[in-house]
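Everything below concerns the one structure shown next.
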Amino acid sequence: MERIARFGRLKANAVHEYRLLHQEMSAELLDAHRKAGFRNFSIYLRGVELFSYVECDNWELALAKFSTFPIAQDWSKRVSYLLDEPLEWEV
């Protein structure tokens, strides 16, 4: 099992919208996470700082599979708009 984490930062005025997006995650998006192989996905938000953690068997395969789902592509666009800087995942 691989454990992957990342740090990032939201734009100062994006915290409220970021929280709303994550409260409204659809069953379809959660299913895409599961089908891609992600487990134990957690995001911690403190102010504008983000810490994300996820587990999977094969990070590169899970990420590639997740990116094929249209709902994942849409989600990534919506969230990336709120980020102060692109987030890179660390293996």
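Just so we're clear, the structure is a prediction, and the values are computed from it rather than from any experiment.
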Any heavy-atom pair between the side chains of Y53 and N40 that's under 4.5 Å? yes

What residues, two or more places apart in sequence or in another chain, satisfy ring pair (Phe, Tyr, Trp, His ring centres under 6.0 Å) together with Y81? none

Would you indicate whether R19, at its atom CZ, is surrounded by more than 12 heavy atoms from other residues, nucleotides or ligands within a distance under 6.0 Å? no

Mutual orientation of the aromatic rings belonging to F66 and F38 [parallel < 30°, tilted 30-60°, perpendicular > 60°]: perpendicular

Is the shortest side-chain heavy-atom distance between V54 and W59 below 4.5 Å? yes

Do I71 and V79 share a hydrophobic cluster, counting only Ile, Leu, Val, Met, Phe, Trp and Tyr and linking them when any side-chain heavy atoms are less than 4.5 Å apart? yes

Is the CD atom of E60 crowded by more than 12 outside heavy atoms at less than 6.0 Å? no

Note, L50 side chain near I43 side chain (heavy atom, < 4.5 Å): yes

In terms of heavy-atom contacts, A12 and V48 come closest through CA-CG1, 4.0 Å

Report yes or no: does S76 contribute a side-chain atom to a donor-acceptor pair with the main-chain N or O of Q73 at less than 3.5 Å? no

For K35 and F69, which heavy atoms make the closest approach, and how far apart are they? CB-CZ, 3.9 Å

Under a 4.0 Å N-O cut-off, is there an ion pair linking D31 with R34? yes

Looking at R9 and E49, is there a salt bridge between them, counting it only when a charged N and a carboxylate O are closer than 4.0 Å? yes

Kindly determine whether V15 and L10 satisfy side-chain contact (heavy atoms from CB on, under 4.5 Å), including the steps that lead there. CA-CA 7 Å; V15 173; L10 293 173; 4.1 Å; yes

Tell me the closest heavy-atom pair linking M1 and E55, and the distance in Å. SD-OE1, 3.4 Å

Are the side chains of K11 and L82 in touch, meaning some heavy atoms are under 4.5 Å apart? no

Taking every heavy atom of G37 against every heavy atom of C56, the minimum-distance pair comes out as O-CB, 3.3 Å

Mind checking whether L21 and L30 sit in one hydrophobic cluster, side chains of I, L, V, M, F, W, Y counted as touching below 4.5 Å? yes

Parallel, tilted or perpendicular for F41 and H33, by the 30°/60° rule? perpendicular

Working to the nearest 0.5 angstrom, can you tell me the gap between Y44 OH and F51 CZ? 7.5 Å

Mutual orientation of the aromatic rings belonging to H22 and W75 [parallel < 30°, tilted 30-60°, perpendicular > 60°]: perpendicular

